[in-house]
Amino acid sequence: MNSKDRSRSGSLTERLLERLFPNARNEPETKEQLVELLRQARRKALFDGEALSMMEGVLQVSDLQVRDIMIPRAQMVVVGRDDSFGEILPVVVDSAHSRFPVIGEDRAEVVGTLLAKDLLPYCGESAGRFRLRDIIRSAVFVPESKRLDVLLREFRASRNHMAIVVDEYGAAAGLITIEDVLEQIVGEIEDEYDFDEGAFIMRRDDNLYTAKAHTSIEDFNAYFNVDVPDDDYDTVGGLVLKALGHMPKRGESVDVAGFCFEVVGADSRKIRLLNVQRLDPDAAND
């Protein structure tokens with residue numbers, strides 16, 4: 001940031017603080033002091049809790065690195081460079097993603113990116129001969145140590161939506177999308193196909209469900225016809241958080257109360273989305 005940008009940023013901050021805190025004697029000197037001022041404004045009802053959460057998310061993004069929120073390599077949904085159309089299409093349909101890393105013989109070798117929309121010309125009776133190598137797009141690579149605020153600016157400037165994360169040896173360590181970064185600010189961005197309006201739990205397969213972390217234990221018990229105690233927590237996210245004993249990252253799982261819970265959506269502040277499986281599928285109440 002040059003001196004002109006810093007000056008403009010500083011003046012905007014000053015004007016905002018003057019409006020929120022007209023009687024404040026000094027500007028905050030640390031991020032912690034700024035957050036405390038924002039929380040004071042929230043207590044005065046100058047804005048709501050959701051706005052406060054977003055502002056705290058904006059401040060937090062500059063402290064996070066790509067490695068903190070990336071999807072690990074083991075969790076990536078990929079296609080092979082030499083896969084046929086018949087092999088790729090089920091992967092696209094089942095995952096409902098729009099972009100896919102294309103790997104070579106080694107899963108750690110990402111050779112490009114496939115956009116689901118590029119498969120459309122090969123659907124139907126008049127489709128041409130399919131060869132994945134003909135439609136692979138170049139992949140964007142970023143190091144694990146890149147700051148999220150820097151990556152967000154790069155995503156916006158380049159109009160890219162996904163990047164492959166590489167470790168110090170140049171091997172793929174995971175991937176990250178612009179949605180992952182934005183969710184650190186605005187919270188979980190749910191796709192329109194994820195949940196019906198007002199739903200908290202969605203069945204995906206015979207023994208696979210996706211649940212919002214703020215699903216109440218009461219609603220969870222009613223859905224699965226079980227009796228998980230709610231003495232120490234009110235939500236499924238609280239149940240999982242207590243069982244793990246720390247704020248989890250995506251991909252972490254824990255077995256508790258007869259279920260396996262896998263964290264599929266979380267940021268540095270809260271769990272948002274969970275995959276749920278019964279440990280004893282025969283106990284399911286159909």
Side-chain angles (χ1 to χ4, degrees), residues 49-50 53-54 56-57 60 68-77 90-99 174-286:
E50 185 173 347
S53 180
M54 289 178 62
E56 289 181 341
Q60 205 167 44
D68 295 322
I69 69 165
M70 71 179 187
I71 299 170
R73 187 173 71 200
Q75 303 289 328
M76 295 192 319
V77 179
V91 175
V92 174
V93 173
D94 291 344
S95 67
H97 296 327
S98 59
R99 293 169 176 79
L175 68 80
I176 188 168
T177 69
I178 190 171
E179 182 178 289
D180 294 326
V181 182
L182 292 174
E183 284 179 350
Q184 301 304 307
I185 301 172
V186 301
E188 188 78 14
I189 301 172
E190 295 170 0
D191 295 321
E192 67 276 9
Y193 53 78
D194 276 347
F195 286 88
D196 294 331
E197 185 175 355
F200 291 93
I201 303 173
M202 181 178 70
R203 185 171 184 168
R204 293 190 176 276
D205 208 338
D206 290 342
N207 188 35
L208 178 62
Y209 305 81
T210 298
K212 296 177 182 179
H214 62 267
T215 302
S216 70
I217 295 297
E218 181 181 0
D219 288 338
F220 184 87
N221 285 338
Y223 187 93
F224 288 104
N225 192 25
V226 293
D227 190 22
V228 177
D230 59 357
D231 299 334
D232 299 324
Y233 31 76
D234 298 321
T235 65
V236 177
L239 168 69
V240 172
L241 190 60
K242 182 179 180 182
L244 286 169
H246 63 271
M247 182 58 65
K249 295 182 179 180
R250 284 186 295 178
E252 288 192 60
S253 62
V254 64
D255 296 345
V256 59
F259 292 85
C260 175
F261 296 92
E262 179 191 6
V263 179
V264 293
D267 57 31
S268 56
R269 292 168 287 170
K270 66 174 75 173
I271 304 172
R272 298 185 180 277
L273 209 61
L274 297 154
N275 277 344
V276 183
Q277 289 182 289
R278 285 182 182 267
L279 296 178
D280 181 9
D282 295 334
N285 180 31
D286 295 328

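Throughout, residue positions are numbered sequentially from 1 according to the sequence presented.
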Applying salt bridge (Lys or Arg N to Asp or Glu O under 4.0 Å) as the test, list every pair that has at least one member in residues 214-239; sequence neighbours left out.
D232-K242

Is there a side-chain contact between [X] and [Y] (heavy atoms, below 4.5 Å)?
{"X": "L241", "Y": "P248", "result": "yes"}
{"X": "Y223", "Y": "T215", "result": "no"}
{"X": "M76", "Y": "H97", "result": "no"}
{"X": "E179", "Y": "V181", "result": "no"}
{"X": "V276", "Y": "T210", "result": "no"}
{"X": "L208", "Y": "N275", "result": "yes"}
{"X": "L273", "Y": "K212", "result": "yes"}
{"X": "V254", "Y": "V240", "result": "yes"}

Using every non-hydrogen atom in the two residues, find where [X] and [Y] come nearest and quote the distance to one decimal.
{"X": "V228", "Y": "I217", "answer": "O-CG2, 3.3 Å"}
{"X": "L244", "Y": "S253", "answer": "CD2-O, 4.0 Å"}
{"X": "M247", "Y": "I271", "answer": "SD-N, 4.1 Å"}

To the closest 0.5 Å, what do you measure between [atom1] ([X]) and [atom2] ([Y])?
{"X": "D206", "Y": "R278", "atom1": "CG", "atom2": "CZ", "result": "12.5 Å"}
{"X": "E183", "Y": "R272", "atom1": "CD", "atom2": "CZ", "result": "7.5 Å"}
{"X": "I69", "Y": "I176", "atom1": "CD1", "atom2": "CD1", "result": "3.5 Å"}
{"X": "F220", "Y": "T235", "atom1": "CZ", "atom2": "OG1", "result": "11.5 Å"}

Suppose we call two aromatic rings close when their centres sit under 6.0 Å apart. Are F224 and F259 close by that rule?
yes

Would you please indicate yes or no on a ring centroid separation below 6.0 angstrom for F261 and Y209?
no

Side chain to side chain donor-acceptor pair (under 3.5 Å) involving T177 - partner list, sequence neighbours excluded:
D180

